[in-house]
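Both backbone and side-chain heavy atoms feed into the values below; hydrogens, waters and symmetry mates do not. Position 1 is the first residue of the sequence, and the numbers go up from there.
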Amino acid sequence: MDLVGACRAFVSVSQYGSFTDGAAAARMSQSVASRRVAALEERFGEPLFERTSRRAVLTPFGRDMLPTARQLVQAADVLLDEAEAVKRKPWRLAVPGVCSTAGLARLVAEARGHGITLDLRVAAPTQRRELLRAQQVRAALLAVPADEAAWSVPLGLASAGDPGVQRVYLETLRVGRAWPGPARRVWIQPEDDVPHIRDPLTRLRDAVGLRPAQLVAADLTSAAAEVLCSGDLLLCSPAQAEELALAWRPIGEIALGRGFALAAAADGNPQSIEARLGDAIARCLGAEARAGIRGGTAA
């Protein structure tokens, strides 16, 4: 038996003194209201109403039960209102700065279609972790190694002009002491200035004999500007290279990639977001989703 529904019918009929009017006020048919009240009476083992051809009059037992039934209905209404308020509560989500404005806008729009309101905070990798730790966001897309990632983005080197090769090898950037001009550099943006990307690249730099100054970290705007006016290279994703009108190629000696995982603060559950928005997040990141993180079809 639907106890709340039965009590709702009981309270409404008692208020209007009629099964017809009480049922209409409770937004149910008269037959449904009658069945629910009858089920409640059967459960209690006592009649709640004295039924006449025109009126439904409370019995003494019904008068005694009415205050508690009314409290139950009111509590259920409060619970339903709270549930709706919680569902409307924005998900403050920390996201990487490498996502384009268009990609972020599409993510927010698609989330609304799934009943999720996103409030995005764009931040660098360490800042996203700090925002999550301080519970200033409900969830964050964290930069993680590939084996921990739900979404992965390949990284390569992009140049202002077509390099004329299928892969770019770092060893081709090596110059001798007598080299007359400046050595070509590889620029790393903040999103990739994390140990699981920076450290392997640094080891490769040393292994192929590049100078320390040939691997440089800077903000994306400054790095891209240097690449556009020189022979330097930008470590980036294919989507970023396309946005900047750069020619992207994989790195010859090593495979690097950004890994992302969704983590929630203490009061959040990232699984609901992953289930509904896994594909949308992947598109925003320019990534491929790991098996089991596909989303977009859940109710």
Side-chain angles (χ1 to χ4, degrees), residues 95-107 122-127 141 143 146 149 151-260 282-288:
V95 297
V98 293
C99 297
S100 68
T101 301
L104 293 174
R106 284 192 291 269
L107 175 60
V122 178
T126 54
Q127 293 172 324
L141 283 167
W151 299 274
S152 297
V153 182
L155 291 174
L157 297 173
S159 58
D162 187 342
V165 293
Q166 295 299 312
R167 293 178 174 271
V168 174
Y169 289 83
L170 255 65
E171 65 178 357
T172 61
L173 306 183
R174 185 173 60 243
V175 296
R177 295 181 178 179
W179 183 261
R184 298 172 67 196
R185 295 167 293 184
V186 173
W187 291 86
I188 303 178
Q189 54 192 293
E191 189 60 39
D192 302 321
D193 195 10
V194 290
H196 58 273
I197 295 176
R198 180 189 61 240
D199 292 354
L201 197 59
T202 300
R203 289 193 293 270
L204 177 59
R205 176 202 66 187
D206 296 340
V208 300
L210 302 188
R211 299 171 182 174
Q214 286 184 265
L215 193 60
V216 189
D219 65 272
L220 178 58
T221 301
S222 299
E226 291 290 340
V227 171
L228 287 169
C229 65
S230 72
D232 289 353
L233 301 166
L234 175 67
L235 183 70
C236 66
S237 68
Q240 281 187 300
E242 182 178 0
E243 183 180 1
L244 295 167
L246 299 176
W248 186 91
R249 296 291 187 275
I251 302 174
E253 298 98 338
I254 191 173
L256 292 177
R258 294 177 188 142
F260 295 99
R283 286 191 291 271
C284 184
L285 295 170
E288 293 183 355

Which pair of heavy atoms, one from [X] and one from [Y], lies closest together, and at what distance?
{"X": "Gln189", "Y": "Cys236", "value": "NE2-CB, 3.6 Å"}
{"X": "Pro200", "Y": "Pro195", "value": "CD-O, 3.4 Å"}
{"X": "Trp248", "Y": "Leu155", "value": "CZ2-C, 3.6 Å"}
{"X": "Gly161", "Y": "Ala247", "value": "O-CB, 3.6 Å"}
{"X": "Leu141", "Y": "Leu285", "value": "CD1-CD2, 4.3 Å"}
{"X": "Arg174", "Y": "Gly209", "value": "CG-O, 3.5 Å"}

- Identify whether the distance between the nearest side-chain nitrogen and carboxylate oxygen of Arg258 and Glu191 falls below 4.0 Å.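 Result for this pair is no, no salt bridge flagged.
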- Would you please test Thr126 and Val194 for side-chain contact (heavy atoms from CB on, under 4.5 Å) and show each step? CA-CA 9 Å; Thr126 54; Val194 290; 6.0 Å; no
- Of Asp232, Val227, Leu173, the residue whose pairing with Val186 passes side chain to side chain contact (heavy atoms under 4.5 Å, CB included):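 Of the listed options, the one satisfying the test is Leu173.
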- Intermediate values then yes/no, side-chain contact (heavy atoms from CB on, under 4.5 Å), Leu234 and Gln240: CA-CA 10 Å; Leu234 175 67; Gln240 281 187 300; 5.9 Å; no
Between [X] and [Y], is any pair of side-chain heavy atoms under 4.5 Å apart?
{"X": "Leu235", "Y": "Ile251", "answer": "yes"}
{"X": "Pro250", "Y": "Pro154", "answer": "no"}
{"X": "Val208", "Y": "Tyr169", "answer": "no"}
{"X": "Leu104", "Y": "Val122", "answer": "yes"}

- Message: Please check if the number of heavy atoms outside Glu226 that lie under 6.0 Å from its CD is greater than 12.
- Response: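 Correct, the count exceeds 12.
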- Query: What pairs meet the salt bridge (Lys or Arg N to Asp or Glu O under 4.0 Å) rule with one or both residues in residues 152-173, with sequence neighbours excluded?
  - Reply: Asp162-Arg249
- Note on the structure: Sorted by chain and number, sequence neighbours left out, side-chain contact (heavy atoms from CB on, under 4.5 Å) with Ala102 holds for Ser100, Arg106
Could you give the distance from [atom1] ([X]) to [atom2] ([Y]), rounded to the nearest 0.5 Å?
{"X": "Leu215", "Y": "Leu210", "atom1": "CG", "atom2": "CG", "answer": "8.5 Å"}
{"X": "Asp206", "Y": "Leu201", "atom1": "CG", "atom2": "CG", "answer": "10.0 Å"}
{"X": "Arg198", "Y": "Arg205", "atom1": "CZ", "atom2": "CZ", "answer": "11.0 Å"}
{"X": "Asp219", "Y": "Asp193", "atom1": "CG", "atom2": "CG", "answer": "12.0 Å"}

- Would Leu170 and Ile254 count as a side-chain contact (heavy atoms from CB on, under 4.5 Å) if you check the C-alpha gap in whole Å, the side-chain angles of each, and the deciding distance to 0.1 Å? CA-CA 9 Å; Leu170 255 65; Ile254 191 173; over 6 Å; no
- Message: Checking Thr172 against Val165 for the side-chain contact (heavy atoms from CB on, under 4.5 Å) test, could you report, in this order, the C-alpha distance in whole Å, the side-chain angles of both residues, the deciding distance, and whether it holds?
- Response: CA-CA 12 Å; Thr172 61; Val165 293; over 6 Å; no
